[in-house]
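Some notes on the structure that comes next.
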Amino acid sequence: MKKLEIKDLHVSVTSEEQGQQITKEILTGVNLTIKTGEIHAIMGPNGTGKSTLSQTIMGNSAYQVTQGDILLDGESILAWPVDQRARQGLFLAMQYPAEIQGVTNAEFLRTAINARRPNDQPMSVRDFIQELDKNLQLLDMNESMAERYLNEGFSGGEKKRNEILQLLMIKPSFALLDEIDSGLDIDALQVVAKGVNSMRGDNFGSLIITHYQRLLNYIVPDFVHVMMGGKIIQSGDAQLAKRLEQEGYAGLRDELGLNI
Ligand code: ADP
Ligand code: MG
Ligand code: MG
C-alpha cells in the first residue's frame, strides 16, 4: 500500500496586475490522505482551488507552498522536481492538456514509460505495441491517434481520452484527474470512466476533481470531499455528491454557516 498525504497545505500564487506583484493565498489549509486502492473525489465551485491543489501536488513551480507538507509514503516531496514526482508514481491528467509539436503520441508514451522503469530497462517495442493496441481499443480510439503529434488538433474529447490513454499506459500509483469530464458527451464520458475503472485495484489510487456529480455515477468514489474557499469543508461517501447535486454548493455553505 502506498500513501499520499496532504497536511495543512497552504499555497499562494503571485501574479502581476497593472505592473504590481500581487500574492494571493489560494489553498488555506488542505488536509487529505489518499491510499492506493482508494478513489477520492473533490468537488467544489469554480475558482476554489481544485486545480491549484493538483498542480501543487505535481510540483508546478507557479504554486508556492507557504505552509504544510505533501508526503509520499512518509517522505516530503516538496523539494522534488516534477519529473521525480512522476517517476515516483504521481500522474496528473490536466484540465487543459498542452499540445506538443513534433512529438508523436506513441513517442511521448514510450519515453514516459521508460523514464519510470527501474534499472533503465526499456519496455520492448513488441510489449509496447501490444499494450498500446489493447488500450486504444478499450478507449475506442483510432489507431492513427498513436502516430499523431501530441494533442495537436485533437478535439476536446480526444484530448481527454488521450489523457486516459496515458494513464493506462503509464500505470501510476496515484492519478490526479482534473475535470477529465468537462466538455465530454455521454459516450465519451462512459469511455473515460471505463478506462479509469479498469485501473482500480490495490496498486492504484486516484483523486478525481470534478465540478459535476455526473462523472461519479460512472466512477463511484470511496470518498467525496467538498472544497470551498481553498480548504476541504466536508467529507463523506458517494452520497455526498448526490446531495450536492440536489442542493448545490450554496445549500451546504448555508448549512455549515460558512461565510466563503
Ligand atoms: P478551480 O480549479 O477550483 O476552479 P483554480 O485552482 O484554478 O480553481 O483557481 C483558484 C484561484 O486561484 C482562482 O482565483 C484563480 O484565478 C487563481 N489562480 C490559479 N492559478 C493561478 C496562477 N497561475 N496565477 C494566478 N492566479 C491563479
Ligand atoms: Mg475551474
Ligand atoms: Mg480547475
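None of the values given here were measured: they were computed from a predicted structure. Any value given below was found using the heavy atoms of this structure, including those in side chains, with hydrogens, waters and symmetry copies removed. Heads up: numbering here begins at 1 and tracks the sequence. Both ligands and their constituent atoms are indexed starting at 1 by order of listing.
Residue-to-ligand polar distances place Gly47 within reach of ligand 1: an N/O pair is separated by less than 3.5 Å. Note: no N/O pair closer than 3.5 Å links Ser15 and ligand 1 by distance alone. Geometrically, ligand 1 and Thr14 share no nitrogen or oxygen pair separated by less than 3.5 Å. Considering backbone and side-chain atoms together, Gly49 places an N or O closer than 3.5 Å to an N or O of ligand 1.
Here is the list of ligand 1 atoms found below 4.0 Å of a heavy atom in Thr48: 1 (P), 3 (O), 8 (O). The Ile26 neighbourhood of ligand 1 comprises atoms 10 (C), 11 (C), 12 (O), 17 (C), with distances under 4.0 Å to a heavy atom of that residue. Residue Pro45 has at least one heavy-atom neighbour below 4.0 Å for each of these atoms of ligand 1: 3 (O). The distance from ligand 1 to the heavy atoms of Lys24 drops below 4.0 Å at these ligand atoms: 14 (O). Heavy-atom proximity to Lys50, at under 4.0 Å, picks out these atoms of ligand 1: 1 (P), 2 (O), 3 (O), 4 (O), 6 (O), 8 (O). The contact set between ligand 1 and Asn46, taken as ligand atoms under 4.0 Å from a residue heavy atom, comprises 4 (O). Of all atoms in ligand 1, listed by their number and element, those nearer than 4.0 Å to a heavy atom of Val13 are 25 (C), 26 (N), 27 (C).
Nearest heavy atoms, Pro172 versus Phe204: O-CD1, 3.5 Å. Closest of all the heavy-atom pairs between Gly37 and Asp222 is O-OD2, 3.9 Å.
Within the 4.0 Å heavy-atom shell around ligand 1 one does not find His211.
Between the Glu38 side chain and the Lys35 main chain, a donor and an acceptor come within less than 3.5 Å of each other. Judged purely by atom type and a 3.5 angstrom limit, Asn105 uses its side chain to pair as donor or acceptor with the backbone of Met145. Not a single donor-acceptor pair under 3.5 Å links the side chain of Ser54 to the backbone N or O of Asp178. Between the side chain of Lys7 and the backbone N or O of Leu32, no donor-acceptor pair lies under 3.5 Å. Arg85 contributes a side-chain N or O that, together with a main-chain N or O of Leu78, makes up a donor-acceptor pair within less than 3.5 Å.
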### Query
For Leu136 and Asn142, what are the C-alpha separation, side-chain angles and deciding distance, and is it a side chain to side chain contact (heavy atoms under 4.5 Å, CB included)?
CA-CA 7 Å; Leu136 283 169; Asn142 196 294; over 6 Å; no

### Message
Run Lys134 and Ile129 through side chain to side chain contact (heavy atoms under 4.5 Å, CB included) and show every step you take.
### Response
CA-CA 8 Å; Lys134 187 184 87 184; Ile129 291 174; over 6 Å; no

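Within the 4.0 Å heavy-atom criterion, both parts of Thr52, backbone and side chain, lie near ligand 1.
The Mg ion (ligand 3) has Ser51 among its coordinating residues (N/O/S atom, backbone or side chain, under 2.8 Å).
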